[in-house]
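Just below is one structure, and these are the notes that go with it.
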Amino acid sequence: MKKWGKRVGYGIGDLGCNLVFSTMASYLMVFYTDVFGITAAAAGTMMLVTKFIDAMTDTGMGLIVDKTHTKWGQGRPYFLLGAVPFALFTFMTFFIPDLSSGGKLVWAYVTYCLLCTAYTVVNIPLNTIVPRLTSDIHERNVLVSTRMVCAMIGTAIVMSITAPLVEFFGQGNEARGYLITMTIYGIAAMLIFFVTFASTKEVVPSTVSQEHTSLKENFKGLTGQAWILFLLNLFYFSLYVVRSTTVIYYFKYNLGRSDWLSLVGLLGILSGLPMLLALPALEKKFSKKNLMFFSIALYIAGDLLIYVGRSSAFCLLTGLVITGLGIYGIFGLTFAMQPDVIDYSEYKKNASVAGLIAAFQGFFVKGGMGLTSFVIGVFLKNGGYVANAEQTAKALSYIEVCFIWIPIVLCIAIAVLTYFYKLDAIRGEMTTELEARRRVMAAEK
């Protein structure tokens, strides 16, 4: 029970993150265009600009984590420090001030940046601490899978109840509905971060001291495998944003099935649960590389089934299940690779740069999300999209490109990168060497 307390305590940290993160990915563009009152192009541009600002704060946060040495560990203190600001800035982002259109846009820029920074403060440490929680590879895989399941549950909550909650609290006033709903999400996330802090403990020491290393030396600790991981994060989260954002537009306008939105969101997410639960066992039998190829093939097959069978409810729902299995397979495996990449820098370069690796992951994640949101905004604008109106044939075709074809291109890019991932073959060798170094350090103390 104690072991599962740690697993769940760590994992629910991402549930807290995703209550807000998934809402931003799935609803924020619609909120800005249809409720807040700014154009799709302005919203897309804002997300691009602020995401690159946010990506820079990720790098800074990663360096801070690497230099942090407290009795609570390197990452855990930030679950406490970031919890309250996370809740506050969630409220502010979804509050609509009585300002001119220009003033509203400035408010949107500032509050969105603040929320993304608060997210960075709690999420970067969440990414870094797995190698410090345990040195057992299977236990790491279980921790990562538990986190992914909790993240999925958070996303499922967002996709299934956000729209009903907005309607319930708003009673015809969407602005009020969004504000109350997101305030609840922010407070819930804050409490969850407190639980994550209390449930985890960093017990595995680094084999390298980082107290006197320079920024230049930290950067030298990054390996080619780390850059593969960064790019995988960029393309995966671009895929995630495209799917999560455009599924609303596609089902609302192209298919005329607005009443399906809650079901679509819930089905697409929960279908990934079997994959995430199975990953620790599958990783004992198959390499992460081969499992990634399989997940990519699943997503593309499901995507094509949705396209070909768009007039059939059975094909649409089956396609959503298959793409759900695929996208969450990619999701879980990308994060399962991270502890191996962190260990590889320690093994190959004698460098402890977990925070920097997590920071660059965040940089590429948020850069990809910002760029993707910008592209979606540009596509919708160039296609002639008009909010809450009957769309032209051109607008519908542009929405289809975003939902069907861009994800397939992104999947192919992920497959190419995965081909060059090589840590499966030397995982055992790395573990043996690092454990030997830790025994030597313990004997010298």
Side-chain angles (χ1 to χ4, degrees), residues 3 6-7 9-11 13-14 17 62 65-66 73-76 123-151 196 200-208 210 218 221-233 236 276 279-284 286-289 291-292 329-362 364-365 417-418 421-438:
K3 183 178 288 187
K6 179 180 72 173
R7 291 169 177 173
Y10 169 72
D14 225 1
C17 288
V65 170
D66 280 337
Q74 289 184 290
R76 288 178 65 231
N123 193 256
I124 291 294
L126 196 67
N127 286 336
T128 66
I129 65 172
V130 170
R132 301 292 166 244
L133 297 179
T134 179
S135 59
D136 181 85
I137 301 306
H138 178 65
E139 181 62 18
R140 287 183 181 182
N141 290 335
V142 173
L143 282 167
V144 170
S145 290
T146 303
R147 177 186 171 188
M148 296 303 100
V149 169
C150 290
T196 298
T200 55
K201 186 176 182 180
E202 297 179 40
V203 296
V204 179
S206 170
T207 62
V208 183
Q210 284 292 94
N218 283 339
L222 298 177
T223 64
Q225 296 297 295
W227 290 103
I228 289 173
L229 178 68
F230 302 153
L231 291 171
L232 281 174
N233 276 270
Y236 167 73
L276 291 177
L279 276 180
L282 291 172
E283 286 166 346
K284 284 185 172 182
F286 305 99
S287 68
K288 292 183 177 73
K289 177 185 285 190
L291 289 172
M292 182 70 86
I330 299 170
F331 181 38
L333 289 162
T334 300
F335 279 87
M337 290 176 178
Q338 189 211 39
D340 293 343
V341 170
I342 290 172
D343 278 354
Y344 187 62
S345 283
E346 200 165 331
Y347 165 80
K348 187 75 172 178
K349 297 287 187 85
N350 198 35
S352 178
V353 288
L356 188 61
I357 287 172
F360 268 95
Q361 275 187 274
F364 279 85
V365 165
L417 284 168
T418 301
Y421 180 77
K422 67 178 186 180
L423 298 188
D424 291 318
I426 61 171
R427 177 63 264 183
E429 179 183 331
M430 285 196 297
T431 300
T432 300
E433 172 64 22
L434 292 175
E435 287 295 335
R437 293 182 194 176
R438 291 186 184 107

With sequence neighbours excluded, tell me which residues meet side chain to side chain contact (heavy atoms under 4.5 Å, CB included) with [X].
X	answer
K201	V203
V365	N233, F237, M369
D424	S287, K288, K289, Y421
A151	D14, N18, F331

According to salt bridge (charged side-chain N to carboxylate O under 4.0 Å, His left out), who are the partners of R427, at least two apart in sequence or on a separate chain? D340, D343
E429 with K422: basic N within carboxylate O range, under 4.0 Å: no
Rounded to the nearest 0.5 Å, how far apart are [atom1] of [X] and [atom2] of [Y]?
X	Y	atom1	atom2	value
N141	D136	CG	CG	9.0 Å
K6	T200	NZ	OG1	9.5 Å
I357	I124	CD1	CD1	11.5 Å
H138	K284	NE2	NZ	4.0 Å
L222	L356	CG	CG	4.5 Å
L423	T223	CG	OG1	7.0 Å

Considering only heavy atoms from C-beta outward, does the side chain of [X] approach that of [Y] to under 4.5 Å?
X	Y	result
V130	F335	no
R147	N127	yes
L133	R140	no
L232	T418	yes
Q74	T128	no
Q225	K348	no

N/O donor-acceptor pair under 3.5 Å between E202 side chain and I129 backbone: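 Not at all, since once roles are kept as given, no pair shorter than 3.5 Å links the two residues.
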Could you go step by step and tell me if E346 and M430 meet the side chain to side chain contact (heavy atoms under 4.5 Å, CB included) rule? CA-CA 9 Å; E346 200 165 331; M430 285 196 297; over 6 Å; no
Heavy-atom pair with the smallest gap, counting every atom of [X] and [Y]:
X	Y	answer
P125	V65	CG-CG2, 4.1 Å
G221	A351	CA-CB, 3.6 Å
E283	A336	OE2-CB, 3.5 Å
L126	G13	CD2-C, 3.8 Å
I342	P131	CD1-CG, 3.9 Å

Sequence-distant partners of Q338, side-chain hydrogen bond (donor to acceptor under 3.5 Å, both in side chains), two or more places apart: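 Expected list: Q361.
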Could you pull out all residues at least two apart from S145 that satisfy side-chain hydrogen bond (donor to acceptor under 3.5 Å, both in side chains)?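 S145: no side-chain hydrogen bond (donor to acceptor under 3.5 Å, both in side chains) contacts found.
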Output every pair passing ring pair (Phe, Tyr, Trp, His ring centres under 6.0 Å) with a member in residues 342-361, not counting sequence neighbours, ordered by first then second residue.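 Output for this query lists F219-F360, W227-F360, F230-F360.
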Option passing side chain to side chain contact (heavy atoms under 4.5 Å, CB included) with P280 (candidates V144, T146, V142, L143): V142
